[in-house]
Amino acid sequence: MLIKGFESFVGLLGLAMLVLAVVAFVFALVAREDAYRAADKQTKTFWLVILGITVLVDLFLGMLFLQIAGLIASIVFMVDVRPALRQVSGGGKRGSSSDGPYGPYNGNR
């Protein structure tokens, strides 16, 4: 019974890694090529290859070492590259405490 529960947990963990890799791949795919250069990150092709390999490994190979390496790549993309791309593309943080309904508050009234 304990082994079945562990296998179920590992299966869910594998599914979560696959979903994260697919989401990161889609975000990398829809971002503009020039945004990668402007954000001073690796090229779009680099990230598409890395994340595409991650998706394929998660789907077909299931080798834990490669899955963990892909998980790290997906996390780096989502935490570091994607926010930089959003900022360069004009989709920076919204809802900041200094932002009013018409833009940032500059203190002049």
Side-chain angles (χ1 to χ4, degrees):
M1 184 165 143
L2 183 61
I3 292 176
K4 271 197 178 281
F6 181 72
E7 288 174 359
S8 175
F9 174 73
V10 169
L12 286 176
L13 191 60
L15 180 64
M17 290 192 303
L18 174 64
V19 168
L20 179 65
V22 169
V23 168
F25 182 80
V26 170
F27 282 141
L29 188 64
V30 299
R32 296 186 340 242
E33 173 67 38
D34 60 334
Y36 288 88
R37 288 190 303 268
D40 198 27
K41 300 296 177 185
Q42 293 289 334
T43 64
K44 181 175 185 172
T45 305
F46 172 84
W47 282 108
L48 288 176
V49 167
I50 295 296
L51 296 171
I53 289 172
T54 299
V55 170
L56 292 176
V57 165
D58 287 348
L59 275 176
F60 299 115
L61 291 182
M63 296 175 65
L64 186 61
F65 176 73
L66 293 176
Q67 285 178 315
I68 291 173
L71 176 64
I72 292 169
S74 298
I75 291 172
V76 166
F77 181 84
M78 295 297 284
V79 171
D80 181 43
V81 178
R82 183 170 177 256
L85 295 175
R86 287 183 64 203
Q87 189 172 19
V88 168
S89 299
K93 293 186 183 239
R94 290 183 277 180
S96 174
S97 62
S98 64
D99 285 356
Y102 304 107
Y105 175 70
N106 63 7
N108 296 332
R109 292 237 173 211

S.K.: The criterion is side chain to side chain contact (heavy atoms under 4.5 Å, CB included); which residues satisfy it with L20, sequence neighbours excluded?
M.R.: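 Testing L20 for side chain to side chain contact (heavy atoms under 4.5 Å, CB included), a comparison that skips the adjacent residues, returns L71, S74, I75, M78.
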S.K.: Suppose the criterion is salt bridge (Lys or Arg N to Asp or Glu O under 4.0 Å): which pairs have a residue in residues 67-79, not counting sequence neighbours?
M.R.: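 Qualifying pairs, neighbours excluded: none.
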S.K.: Hey, could you give me each pair passing side chain to side chain donor-acceptor pair (under 3.5 Å) that has a residue in residues 16-37? Not counting sequence neighbours.
M.R.: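 Output for this query lists R32-D34.
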S.K.: Which heavy atom of L85 sits nearest a heavy atom of A31, and at what distance?
M.R.: CD1-CB, 3.9 Å
S.K.: Test: salt bridge (Lys or Arg N to Asp or Glu O under 4.0 Å). Region: residues 9-22. Which pairs qualify, not counting sequence neighbours?
M.R.: none
S.K.: How would you list, by chain and number, every residue that makes a side chain to side chain contact (heavy atoms under 4.5 Å, CB included) with L56, sequence neighbours excluded?
M.R.: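 If we apply the side chain to side chain contact (heavy atoms under 4.5 Å, CB included) test to L56, skipping adjacent residues, the hits are F60.
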S.K.: Looking only at heavy atoms, which two atoms of A24 and L51 are closest? And how far apart?
M.R.: O-CD1, 3.6 Å
S.K.: So, for L66 and L61, which heavy atoms are closest and what is the spacing to 0.1 Å?
M.R.: CD1-CD1, 4.2 Å
S.K.: Where is the tightest heavy-atom contact between T54 and A21, given as atom of each residue plus distance?
M.R.: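 In this case the closest contact between T54 and A21 is CG2-CB, 3.6 Å.
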S.K.: Between CZ of F25 and CD1 of I50, what distance do you get to the nearest 0.5 Å?
M.R.: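 Between atom CZ of F25 and atom CD1 of I50 there are 12.0 Å.
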S.K.: Which pairs count as side chain to side chain donor-acceptor pair (under 3.5 Å) when at least one residue sits in residues 38-49, sequence neighbours excluded?
M.R.: K41-D80
